[in-house]
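Inspection log for the structure reproduced underneath, given as structure tokens.
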Amino acid sequence: MKVLAPALLSLSLLAGCAATPPARPTGPSSAAVTGQVVWRERIMLPPQTKVIVRLQDVSLADAPAKVISEAVIPAQAPPVAFSLGYGPAQISPRARYAVSARVEVDGQLRFINDTHIAVINDGPTKDVEVLVKGVGG
């Protein structure tokens, strides 16, 4: 039995040396869109404030955007850093992707971005700045 163990170990090591290319990471967060959410108002928001940032497929004009990734970040003042992970298999080279952000206090909307922020195919994936603007209320 002692002779078989080293032989089996060397066979398993040799099997790992086959000429197959290394596997690409395919997990849900093998790539990411990163950046920060900012607002210009100089106010400190209450502790229950949440910043919600989404990576969305916005390819279809007559359908709701498909959420690829979402981050909910507790924050009281800007800038608020975010990282939205996604798997490369989720990305189509012909699709359009965008980042959106909203700031809520106790479930009430306080700030939201009002411009299209293209990412991935039509824009950057790093250092994305999302400017949100105050809503009435």
Side-chain angles (χ1 to χ4, degrees):
M1 200 61 164
K2 289 183 181 179
V3 174
L4 274 177
L8 289 175
L9 177 62
S10 62
L11 280 176
S12 66
L13 288 174
L14 285 174
C17 294
T20 56
R24 288 179 43 198
T26 58
S29 295
S30 57
V33 173
T34 61
Q36 60 186 6
V37 176
V38 296
W39 54 92
R40 291 192 176 128
E41 290 78 358
R42 294 179 181 245
I43 57 171
M44 180 68 83
L45 295 172
Q48 62 271 27
T49 302
K50 294 179 185 175
V51 179
I52 302 161
V53 189
R54 293 184 178 123
L55 170 62
Q56 300 173 312
D57 180 341
V58 294
S59 301
L60 300 176
D62 59 346
K66 177 183 171 192
V67 176
I68 304 293
S69 182
E70 179 178 275
V72 178
I73 308 156
Q76 292 178 271
V80 179
F82 67 85
S83 179
L84 298 167
Y86 63 91
Q90 294 174 281
I91 302 303
S92 167
R94 291 185 290 275
R96 293 177 45 234
Y97 299 94
V99 170
S100 66
R102 58 190 293 128
V103 179
E104 296 180 357
V105 177
D106 288 329
Q108 297 293 327
L109 181 64
R110 289 288 302 270
F111 296 93
I112 193 164
N113 69 297
D114 64 354
T115 59
H116 176 79
I117 302 166
V119 294
I120 304 176
N121 293 337
D122 299 326
T125 58
K126 305 286 182 238
D127 301 321
V128 176
E129 184 174 281
V130 182
L131 175 64
V132 292
K133 296 185 179 179
V135 298

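Hydrophobic clustering (side-chain heavy atoms under 4.5 Å, transitive across Ile, Leu, Val, Met, Phe, Trp, Tyr) keeps Val37 apart from Leu131. Cluster annotation: Tyr86 and Ile52 are assigned to distinct hydrophobic clusters (Ile/Leu/Val/Met/Phe/Trp/Tyr, side-chain heavy-atom contacts under 4.5 Å, transitive).
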Kindly list each side-chain donor-acceptor pair under 3.5 angstrom involving residues 59-67, sequence neighbours excluded, with atom names and distances?
residue	atom	partner	partner atom	Å
Ser59	OG	Asp57	OD1	2.6
Ser59	OG	Arg96	N	2.8

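Closest approach of Ala77 and Met44 over heavy atoms only: CB-SD, 4.2 Å. Heavy-atom minimum distance, Pro46 versus Val105: CG-CG1, 3.5 Å. Scanning both residues, Val128 and Thr125, for their nearest heavy atoms gives CG2-C, 4.3 Å. Across all their heavy atoms, His116 and Ala98 have their closest contact at CE1-CB, 3.5 Å. Taking all atoms of both residues into account, the shortest heavy-atom contact from Val51 to Ala75 is CG2-CB, 4.1 Å. Nearest heavy atom pair, residue Val38 against residue Pro79, reads CG1-CB, 3.8 Å.
Using a distance-only test at 3.5 Å, with no hydrogens or angles considered, a donor-acceptor pair links the side chain of Ser69 to the main chain of Gly85. Under the 3.5 Å distance criterion, the side-chain polar atoms of Asn113 are left unmatched by any main-chain donor or acceptor of Ser100.
In this structure the side chain of Arg110 reaches within 4.5 angstrom of the side chain of Ile43, judged on heavy atoms. Counting heavy atoms from C-beta outward, Leu84 and Ile68 have side chains that stay 4.5 Å or more apart.
Counting only residues at least two apart or on different chains, no ring pair (Phe, Tyr, Trp, His ring centres under 6.0 Å) pair has a member in residues 59-80. Within the structure, ring pair (Phe, Tyr, Trp, His ring centres under 6.0 Å) pairs that include any residue of residues 33-54 comprise Trp39-Phe111 (at least two apart or interchain). Residue pairs meeting the salt bridge (Lys or Arg N to Asp or Glu O under 4.0 Å) criterion with at least one member in residues 75-86: none, sequence neighbours excluded. For residues 81-90, no pair satisfies salt bridge (Lys or Arg N to Asp or Glu O under 4.0 Å), with sequence neighbours left out.
Atom OG1 of Thr49 and atom CG of Asp106 lie 8.0 Å apart (nearest 0.5 Å). Rounded to the nearest 0.5 angstrom, Gln76 CD and Lys50 NZ are separated by 13.5 Å.
Here Asp127 pairs with nothing under the side-chain hydrogen bond (donor to acceptor under 3.5 Å, both in side chains) rule; sequence neighbours left out. The ring pair (Phe, Tyr, Trp, His ring centres under 6.0 Å) search around Tyr97 returns none, not counting sequence neighbours. Applying the salt bridge (Lys or Arg N to Asp or Glu O under 4.0 Å) criterion to Arg102, with sequence neighbours excluded, gives Glu104. For Lys133, the salt bridge (Lys or Arg N to Asp or Glu O under 4.0 Å) partners two or more places apart in sequence, or in a different chain, are Asp114. Remark: Glu70 pairs with Arg54 by the salt bridge (Lys or Arg N to Asp or Glu O under 4.0 Å) rule, at least two apart or across chains. In this structure Ser83 satisfies the side-chain hydrogen bond (donor to acceptor under 3.5 Å, both in side chains) test with no other residue, sequence neighbours excluded.
Grouped with Val58 in a hydrophobic cluster is no other residue, since no side-chain heavy-atom contact under 4.5 Å to another Ile, Leu, Val, Met, Phe, Trp or Tyr is found.
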